[in-house]
Amino acid sequence: MNNENTLHGAKLWEKSVHVTEEIDRFTVGHDRELDLYLAKYDVLGSMAHVTMLHSIGLIADEELPVLLRELRAIYQVAESGDFVIEDGIEDVHSQVELMLTRKLGDMGKKIHSGRSRNDQVLVDLKLFTRDKIREVAEAVRDLFAELQQQSERYKNVLMPGYTHLQVAMPSSFGLWFGAYAESLADDMLLLEAAYRMTNRNPLGSAAGYGSSFPLNRTMTTELLGFDSMDYNVVYAQMGRGKNERNVAFALAGIAGTVAKLAFDACMFNSQNFGFVRLPDECTTGSSIMPHKKNPDVFELIRARCNKLQALPTQVVMIMNNLPCGYFRDLQEIKEVFLPAFDQLLSCLRMATYIVARMRVNEHILDDARYDLMFSVEEVNRLASEGMPFRDAYKKVGLDIEAHQFTPNKEIHHTHEGSIGNLCNDRIAALMQATYARFGFERVSEAEYWARRRGQQKLDLANAALTAAGQPPRQKKFETVKDTLRRQISSVLYRATSFEDFSAKLMQQYGITVKESRGQLSYLPAGRTKFIRAKHLGDKFDKAEVLATLTANAARKPKVQSKTTNLAKLIDIQAKMAEGKTVGYEKWAKKFNRKEAARTVILLKEKGLGNYD
């Protein structure tokens, strides 16, 4: 391939034969759009790979820092959401190599030594999946916490339990909320297993048969924060599709729990049950029936989670009858697999939002239609007094037939996991133990490795400024997303409405926030592309932002009495008169302008404060 073709984006594999546009469109499919999910992970993999190539002599000493500098620059572009795959470029791997070659010429072409796009996409997928599993685990833990909190709040409120959708025995909202919490704790075990299989390094397997270069796969494993590697190079390639299938089963398990919760909530919210009340903002009206409040959010959660439960089947049907080795069929898995995480995350976050605001009917059992669910309690009472169980059962049954049954609604269940002994603390311990075993803190070092040299560069620049007698620019290296997170956070916890939040972001930092399809995006000052909330973290998405703003609005402002304020000012002035250092300077400026002004003057006179 000549240099001109490389600079203008010819395919990495093209030699003398060129494919037609029609074939190109068919074979590439949606890969360009889907590969944007993988962009920053492709760069991370390349940084580890070139560092390893340098260690075995395939990258010169003077070339490594240049390559890493340019890769870091591409990483920042990818992380900020500005990365694009140009027309005519097949995939993210080709785009990254093209960007390097345009900047560095032949040096950029060296990064592909000892690897294939086969193991390159494998490591991209593993890094992406590992990161997304962390997000899912955090979102599951958040929903778990809300379910447990509601379980404790309503543990003494009884409700009917059902079998065959018929009123059966007494249950409680403590049991109902707690059951879904424990289900999520079990789902996390499967997610942990999927994470363990994901967190193994395939890089260095090349096209599936290794390389004649003396690659140091242990080095890239450590640099990328993997637990170990997929050792056998043939198996590493066989893992494509298998890993997605395993992860899909874990996601489907979580989706199954959330779908069942959504079904229950929709049913219990209906007038025929009336057990729970959903937040008004999570219901919609009818165009013809003015009384309607439809549980649309939970209905959509149910539908989307049911769709996610089909994901393992979709993956299996693509890779089911393939022999070992790479096949282009595997490309199709990306189309259903990559977007699945964000779909599940949005369902988890919305479910968390609703569960936290759900209210229960504490007077369900005032309705006589539920009296018969206490029949077993009466049978057990008679049996505990000495009557044979079968005789007690028959007696209560005959009383019911004769309409002579009078329920005793005082129940006393004490065994583990029952109405009176929920064991929520033990379930919480199970969840915490599982979450701790993931070891996400070890993996975060891999991304830090990509940023570490940025901090080192900043430290050197600051040292030069200090030596020249100038103040440093900043102490901590920040990406565009780091800065945006910090700025949004500083506003979020002081705003009380979405309008207030949006206005303060614009006034203080020039940040524009917009909502599209229920998702928030942020446009930093001086940039041209919005950054979606999902790329910043959970607390910046719509559900979490609204929850924080609602909590802010409900928080009562602290009001100090005028007497207390004046007393503190007198105390401040007395301390200053004695020449003592005063710790109230900032506090003094917050009230009583006249007195605060006098205090500031005294502070300056005593040299105890600086308000220039």
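Quick note: numbers below take in every heavy atom, side chains included, and nothing from hydrogens, waters or symmetry partners. The first residue of the sequence shown is numbered 1, and numbering continues consecutively from there. Since this is a predicted model, take the numbers as computed values, not measurements.
For Glu362, there are no salt bridge (charged side-chain N to carboxylate O under 4.0 Å, His left out) partners, not counting sequence neighbours. With sequence neighbours excluded, the residues satisfying salt bridge (charged side-chain N to carboxylate O under 4.0 Å, His left out) with Asp280 are Arg277, Lys293. In this view, Gln487 satisfies the side-chain hydrogen bond (donor to acceptor under 3.5 Å, both in side chains) rule with no residue, not counting sequence neighbours.
Taking the six-membered ring where the residue is Trp, Phe268 and Phe273 present tilted rings, their angle falling between 30° and 60°. Aromatic ring orientation, Phe438 versus Tyr435: tilted (interplanar angle from 30° to 60°). In this structure, Tyr41 and Phe128 have perpendicular ring planes: the angle between them is above 60°, well past the 30° mark.
No side-chain N or O of Asn380 forms a donor-acceptor pair with one of Glu377 less than 3.5 Å apart. There is no side-chain donor-acceptor pair under 3.5 Å between Tyr37 and Lys132.
Outside the 6.0 Å centre-distance limit, the rings of Tyr370 and Phe374 are not counted as a close aromatic pair.
Remark: of the listed residues Leu125, Leu338, Ile318, Ile318 is the sole one forming a side-chain contact (heavy atoms from CB on, under 4.5 Å) with Ile333.
Remark: Arg134 engages Asp131 in a salt bridge, criterion side-chain N to carboxylate O under 4.0 Å.
A cation-pi arrangement, defined by a distance under 6.0 Å to the six-membered ring centre and an angle within 45 degrees of its axis, is present between Arg357 and Tyr353.
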